[in-house]
Amino acid sequence: MTIRVMLVDDQALLRTGFRMVLDAQPDMTVVAEASDGAEALERLRATAVDVVLMDVRMPRLDGVEATRRIRERGEGGPGNPRVLILTTFDLDEYAFSALRAGASGFLLKDVPPGELLGAIRAVHSGDAVVAPSTTRRLIDHFATLLPAAGERPRAGGLERLTDREREVLLLVAQGLSNGEIAARLVLSEATVKTHVGRVLGKLELRDRVQAVVLAYETGLVRAGGGPATG
């Protein structure tokens with residue numbers, strides 16, 4: 001299956017570079033481009049797309065609101081695409097908000113081509129890009145913005161989890177892969193996958209990214225990736 005990708009960025013030169021890399025892959029093709037979120041939504045109405053590679057800071061409609069409309073309001077067109085956010089480390093304070101809006105992960109704009117391609121394939125298959133060390137640092141940075149001003153941490157349904165499921169959620173929130181969690185808890189990867197699936201089901205979450213966001217919002221973990229104390 002060929003992964004249909006849309007590039008959304010207000011820098012034409014950057015879009016051209018990404019297009020050259022993606023179109024060179026046997027399993028990917030760039031089917032649309034847009035210079036901002038508003039144009040992206042317009043093109044998605046008529047073009048089936050699997051993965052949107054979305055910039056954050058753009059004129060007219062930024063990447064956060066565009067992501068929200070695609071994932072929460074169903075404005076992603078016939079392809080109902082997943083969104084992979086592009087950001088600049090320590091500059092785009094909106095990137096974590098995009099995760100809350102339904103993005104399946106985010107990458108730095110200077111990401112190596114191999115990592116970018118792997119992330120697109122992972123997102124397309126239903127996984128979330130939360131494990132790389134760069135993403136862990138970004139999560140640590142943006143988690144300090146949660147909960148939002150005036151909001152109180154919510155229970156988030158954590159009381160539905162068993163002790164083991166809560167433990168697995170904590171490790172997911174720290175950016176560990178299933179294999180790393182299995183090694184940490186001395187379990188098989190299949191067992192960890194089952195636990196993760198139950199956590200997502202009980203908490204009514206779409207994917208691992210939403211699990212990470214919920215863990216920060218509820219205070220299960222603190223900025224820095226460690227468990228909350230006190």
Side-chain angles (χ1 to χ4, degrees), residues 1-12 14-56 58 61-87 92 94-109 111-132 134-135 138 177-178 193 196-197 200 205-213:
M1 179 181 293
T2 300
I3 303 173
R4 299 165 298 187
V5 181
M6 170 183 269
L7 304 176
V8 185
D9 197 293
D10 59 347
Q11 298 182 45
L14 194 62
R15 296 199 309 270
T16 298
F18 282 143
R19 175 184 280 275
M20 292 177 61
V21 173
L22 271 56
D23 281 344
Q25 305 306 306
D27 60 340
M28 294 183 192
T29 182
V30 176
V31 296
E33 294 186 24
S35 60
D36 58 52
E39 183 182 359
L41 294 176
E42 292 172 5
R43 293 186 178 278
L44 284 172
R45 295 189 188 104
T47 307
V49 174
D50 299 310
V51 178
V52 177
L53 207 56
M54 181 83 74
D55 188 18
V56 175
M58 296 178 291
L61 189 69
D62 65 34
V64 175
E65 182 58 28
T67 297
R68 181 176 294 107
R69 294 189 185 184
I70 292 170
R71 299 303 302 168
E72 293 185 356
R73 300 185 186 178
E75 297 183 30
N80 189 28
R82 293 177 177 271
V83 178
L84 185 58
I85 292 291
L86 290 174
T87 186
D92 290 324
Y94 306 107
F96 203 90
S97 296
L99 293 182
R100 299 177 75 185
S104 294
F106 53 83
L107 294 173
L108 304 182
K109 281 193 174 182
V111 60
E115 188 175 330
L116 172 65
L117 297 172
I120 292 173
R121 294 185 180 105
V123 166
H124 178 254
S125 69
D127 290 333
V129 184
V130 296
T134 53
T135 305
L138 282 164
S177 66
N178 285 353
K193 184 176 181 180
V196 171
L200 298 181
L205 301 173
R206 183 171 52 244
D207 53 35
R208 294 170 77 102
V209 167
Q210 284 199 333
V212 172
V213 173

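Every heavy atom of this structure was used, including side-chain atoms; hydrogens, water molecules and symmetry mates were not.
Taking each heavy atom of G37 and A66 in turn, the nearest pair found is CA-CB, 3.8 Å. In this structure, G76 and P81 approach most closely via the heavy-atom pair O-CD, 3.1 Å. Residues V123 and S104 share a closest heavy-atom pair of CG1-CB, 3.8 Å. Closest heavy-atom contact between G63 and I85: O-CD1, 4.5 Å.
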Would V196 and N178 count as a side chain to side chain contact (heavy atoms under 4.5 Å, CB included) here? Give the steps. CA-CA 9 Å; V196 171; N178 285 353; 3.8 Å; yes
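At a threshold of 4.5 Å between non-hydrogen side-chain atoms, the residues L53 and V8 do not count as touching. Proximity of L7 to L22: side-chain heavy atoms (C-beta onward) are separated by under 4.5 Å at one or more points. Taking the side chain as every heavy atom from C-beta outward, M54 and L84 never approach each other to under 4.5 Å. Counting only heavy atoms from C-beta outward, the side chains of E75 and R68 never approach each other to under 4.5 Å. F18 has its side chain within reach of L116: a pair of non-hydrogen atoms, C-beta onward, lies under 4.5 Å apart. L41 is listed as a side-chain neighbour of R69, based on a closest heavy-atom distance under 4.5 Å. Looking at heavy atoms from C-beta onward, E33 lies out of side-chain contact with E39 at the 4.5 angstrom threshold. Inter-residue side-chain proximity for M28 and R4 is flagged as unmet; no heavy-atom pair is nearer than 4.5 Å.
A distance of 11.5 Å separates OG in S125 from CE in M1, rounded to the nearest 0.5 Å. Rounded to the nearest 0.5 angstrom, K109 NZ and L86 CG are separated by 6.5 Å. Note that the OG1 atom of T2 and the CD atom of Q25 stand 11.5 Å from one another [nearest 0.5 Å]. With rounding to the nearest 0.5 Å, the separation of CG in N80 from CD1 in I70 is 9.5 Å. A distance of 14.0 Å separates CD1 in I120 from CZ in R82, rounded to the nearest 0.5 Å. In this structure, M58 CE and D9 CG are separated by 7.0 Å, a value rounded to the nearest 0.5 Å.
A donor-acceptor pair under 3.5 Å is absent between the side-chain atoms of D50 and the main chain of G79, judged by distance alone. A donor-acceptor pair under 3.5 Å is absent between the side-chain atoms of T47 and the main chain of L44, judged by distance alone.
A salt bridge does not link D10 to R15: none of the charged nitrogens lies less than 4.0 Å from a carboxylate oxygen. Looking at D27 and R121, a side-chain N of the basic residue comes within less than 4.0 Å of a carboxylate O on the acidic one, giving a salt bridge.
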